[in-house]
There are 2 protein chains.
Amino acid sequence: MRSTPSSEAFPAHTPAAAQIFTIVLSHGPLARAEIAQRAALSPAAVTKAVRPLIETGYLVEDVDGRSRPGLGRPANLVRVDGGRALFLGVKVTGDEIIAVLTDLRCRIRIARRTPLADRRPAGVLATLSDLVLELLTEAEGFGAAVKGVGIAVSGDVDRAEGLVRYSPFLEWRDVPLADLAAMTVGLPVTVDNDVRALTVAEQWFGAGAGLSDFALVTVGAGIGCGLVVRGRVVAGAHGVAGEIGHLSLDPAGPRCHCGNRGCVEAIASESAIVRDVRAGTGVDVADAAEALELAHRGDPGARKVYARAGWAIGRAIGSVVNLLGPERVIISGEGLAAYDLFAEQIRDAFAASAFGAAARCDVRTHPLPFEEWARGAAATAIQSFIASDPPKEPKDHKE
Amino acid sequence: MRSTPSSEAFPAHTPAAAQIFTIVLSHGPLARAEIAQRAALSPAAVTKAVRPLIETGYLVEDVDGRSRPGLGRPANLVRVDGGRALFLGVKVTGDEIIAVLTDLRCRIRIARRTPLADRRPAGVLATLSDLVLELLTEAEGFGAAVKGVGIAVSGDVDRAEGLVRYSPFLEWRDVPLADLAAMTVGLPVTVDNDVRALTVAEQWFGAGAGLSDFALVTVGAGIGCGLVVRGRVVAGAHGVAGEIGHLSLDPAGPRCHCGNRGCVEAIASESAIVRDVRAGTGVDVADAAEALELAHRGDPGARKVYARAGWAIGRAIGSVVNLLGPERVIISGEGLAAYDLFAEQIRDAFAASAFGAAARCDVRTHPLPFEEWARGAAATAIQSFIASDPPKEPKDHKE
DNA sequence: CTTCTTTTATTGACAGCGGAAAAGAAGTGC
DNA sequence: GCACTTCTTTTCCGCTGTCAATAAAAGAAG
């Protein structure tokens with residue numbers, strides 16, 4: 001069976017051990033006693049679960065970790081040894097592939113991007129494999145094995161099956177990407193929707209760490225949303241969830257490619273902003289960057305467009321908050337470059353639409369460098385590795 | 001401790017046993033083998049978990065239950081003995097209290113309603129206690145003990161604490177209703193938001209049985225929504241969730257009491273419909289029933305108002321579906337009396353706004369007699385009883 | 001400097017849950 | 001009656017996590 005080279009499995013046989021590891025992963029060095037509290041387990045159980053993880057090197061005792069200068073015996077802190085394992089994260093967009101090599105703590109060691117010539121599955125797979133193999137050879141210098149590969153694709157993705165059901169940008173339908181990729185790279189492969197992948201990264205290593213209910217809103221070429229409810233990323237019964245971009249906010253608004261009017265994406269996506277800035281100012285801006293510059297130079301027409309985008313985003317966040325009551329909403333994405341232009345409108349529109357106690361929700365931003373999407377993919381690989389929630393193993397194709 | 005008379009606890013000590021009981025409760029008579037499948041347990045585990053439940057009388061073997069006329073040994077079906085325990089469900093509205101006595105399968109045995117003179121906590125509590133005690137004496141004829149009381153209140157309710165944080169209709173703030181009621185009735189009391197309570201009833205005994213992801217939309221005096229994600233009712237980090245009524249659909253729409261424009265409630269609630277029918281027809285209809293009659297008689301102005309309400313409801317459902325991807329949406333509530341007037345618009349607006357695979361969601365209606373809200377409250381009591389998720393016990397006030 | 005208090009960590013005994021395998025039970029078809 | 005199938009139960013067993021007791025590592029108190 002388990003034919004992958006050097007693939008001793010992760011020694012968290014029990015769900016509790018995986019939970020403990022995840023807690024330590026998200027919350028830095030921790031005392032066993034505190035782990036016990038957070039996991040609602042007895043200290044003894046923690047000791048026993050931690051031991052094999054230390055013996056295999058996934059956890060280490062923090063030597064200088066002497067905390068609590070007050071009473072009692074000081075705690076022996078435990079943390080995850082990031083260098084113990086490596087992972088690859090790959091984000092496939094319509095015109096390029098971004099790949100990162102991360103450690104077990106999802107810290108990026110190397111990042112690479114390659115333009116994508118051919119969007120068809122075979123073409124993507126070829127480019128992807130080259131990039132992955134390149135990173136795999138480079139990874140050899142880091143003294144740890146690569147334990148898994150995560151791939152993030154926008155669209156309707158079935159993670160359990162490793163199947164890309166439909167991706168509009170790539171024009172794919174029912175591509176068994178996990179199996180295909182696993183065959184060429186010889187490692188376990190996890191495939192997930194890009195926004196959900198980013199949400200996992202945020203949940204474990206970012207602004208959502210420790211929260212059981214939060215939402216991640218991405219603003220950029222599209223408007224996306226990842227949802228975490230009771231500590232789990234929402235995937236929806238049909239693999240579709242968080243489609244915040246097509247909430248319709250104004251029946252008199254601009255037409256959207258989805259057929260409706262006044263969708264958030266039809267108002268606040270990059271292409272919508274470029275279109276509206278052109279129409280509103282007469283200046284023939286070529287892309288989002290130029291539109292942004294025009295607004296930053298103070299052009300009132302352009303600023304108005306951004307203000308409206310902020311209104312739409314704030315309204316959309318209000319809808320999410322009213323429906324799910326998250327503890328926090330994290331706004332991220334390339335669109336944050338324009339944040340100063342619509343921060344106020346987002347806040348106002350959110351405050352106006354949030355109902356009752358939902359308004360207590362903490363709305364904040366989190367910058368998102370371009371490798372972040374690929375890092376999200378790596379996070380899903382780490383998640384699969386820990387859960388031993390078997391990703392697509394190279395060989396056996398079970399059903 | 002456990003001082004409640006005749007309160008031998010429910011003998012499902014393990015989560016698995018509670019899960020098994022819930023499965024049998026929702027899915028009628030079942031063979032142990034099928035229970036094992038649904039619960040992802042071994043048949044042996046089911047046998048062992050079922051035995052004490054049968055010994056205590058909560059489950060019974062269906063004598064005539066010989067299924068599967070085909071091959072193999074016929075199954076011995078097991079079902080919940082509804083008559084083994086009784087529960088009370090109470091719904092508190094602004095001007096009346098509705099109470100039902102149900103059995104363990106949440107079938108209504110008696111229903112009562114009493115007008116409410118005084119909305120202040122003390123007044124409500126007095127009326128509620130009278131009604132509950134009346135039902136408790138009547139319950140003595142049914143040969144089973146009442147095991148718990150559920151109370152449903154609209155607004156912001158913290159079920160874990162049994163606390164009504166804020167109820168606009170009652171003008172309550174931070175009323176520890178569960179403790180207060182438990183003291184006067186001497187039984188465990190569960191307090192929950194009314195829509196969530198109804199959602200529990202739907203999840204266990206109604207159109208949501210067996211589904212892990214669905215939404216319940218109630219149309220009536222207000223527009224509410226209960227959400228079930230991965231088999232659990234969503235309560236939100238701050239106790240607010242499913243506030244579908246204040247999704248804003250049209251910035252040019254009618255003003256809502258929440259301060260916004262074009263909220264679903266400002267278009268499709270009973271009061272909004274009455275207001276708009278008056279304005280649109282010139283007929284001074286007194287209430288929703290008259291408005292409905294006018295529309296049913298074919299008045300085009302009135303019909304238009306209902307059509308617009310249908311549009312708003314369909315849009316709201318579309319938003320829920322885009323965000324959460326439920327398997328099914330159940331439309332219910334007193335507003336269903338007008339369903340023939342806006343069914344088409346709901347369907348169309350939903351279809352137009354649902355994105356991609358989310359459109360596969362099954363949207364259906366489910367009638368809702370007036371006692372149903374109280375039945376929802378009883379369902380929460382049953383849920384607390386099974387989970388032994390301790391509701392508010394009469395005596396000890398821990399924390 | 002010794003002793004007490006406080007908190008953390010570990011150990012070993014133990015209970016209980018759930019699985020595997022095998023046997024038993026209750027039918028149909030031949 | 002016999003073979004076959006499927007459901008149910010029994011027995012045994014491993015494993016997980018709790019409990020209670022103990023060790024360990026400090027500061028505080030006298």
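The chains referred to below are lettered A, B, ... by the order of the sequence lines, with proteins before strands, and numbering in each begins at 1.
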- Is there a donor-acceptor contact under 3.5 Å linking the side chains of A:R232 and A:Q203? no
- Query: Side chains of A:R159 and A:Q383: is there a donor and an acceptor less than 3.5 Å apart?
  - Reply: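 The answer is yes; a qualifying pair exists.
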- With both distances under 3.5 Å as the test, what is the Watson-Crick or G-U wobble partner of D:dA29?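 C:dT2 - that is the nucleotide pairing with D:dA29, both distances being under 3.5 Å.
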- Task: Just name whichever nucleotide pairs with D:dT22, Watson-Crick or G-U, keeping both distances under 3.5 Å, else none.
- Result: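 In the structure as shown, D:dT22 has C:dA9 as its Watson-Crick or wobble partner.
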Which whole-number value in Å describes the distance from [X] [atom1] to [N] [atom2]?
X	N	atom1	atom2	answer
B:D62	D:dC7	CG	C1'	16 Å
B:R51	D:dT8	CZ	P	13 Å
B:N76	C:dA25	CG	P	13 Å
A:L77	D:dA26	CG	C1'	15 Å
B:E61	D:dT9	CD	P	7 Å
B:Q37	D:dT6	CD	C1'	12 Å
B:I20	C:dC17	CD1	P	12 Å
B:L71	D:dC2	CG	P	19 Å

- Query: Is it the case that A:R84 places NZ or CZ above or below the six-membered ring of A:Y58, under 6.0 angstrom from the centre and within 45 degrees of the axis?
  - Reply: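 Checked: cation-pi criterion met.
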- Task: Apply side chain to side chain contact (heavy atoms under 4.5 Å, CB included) to the pair A:V191 and A:L163, showing each step before the final yes or no.
- Result: CA-CA 7 Å; A:V191 174; A:L163 182 68; over 6 Å; no
- Measure the spacing between CG of B:D81 and CG of B:D62 and express it to the nearest 0.5 Å. 10.5 Å
- 5' to 3', nucleotides 12-22 of chain D under a 4.0 Å protein heavy-atom cut-off (B base, S sugar-phosphate only, - none) gives B----BBB---
- With a 3.5 Å cut-off and just heavy-atom distances, do the side chain of B:R73 and the base of D:dT6 make a donor-acceptor pair?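 Between D:dT6 and B:R73, which were checked side chain against base, a qualifying N/O pair under 3.5 Å is absent.
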- Counting heavy atoms not belonging to A:R107, are there more than 12 under 6.0 Å from its CZ? yes
- Message: Can you tell me if B:R32 touches the phosphate of D:dT6, counting only side-chain N or O atoms and a distance under 4.0 Å to OP1 or OP2?
- Response: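 So the side chain of B:R32 is outside the cut-off, no N or O lying under 4.0 Å from OP1 or OP2 of D:dT6.
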- Query: Should the ring pair B:F10 and B:F21 be called parallel, tilted or perpendicular, given that the plane angle runs from 0 to 90° and is split at 30 and 60?
  - Reply: perpendicular
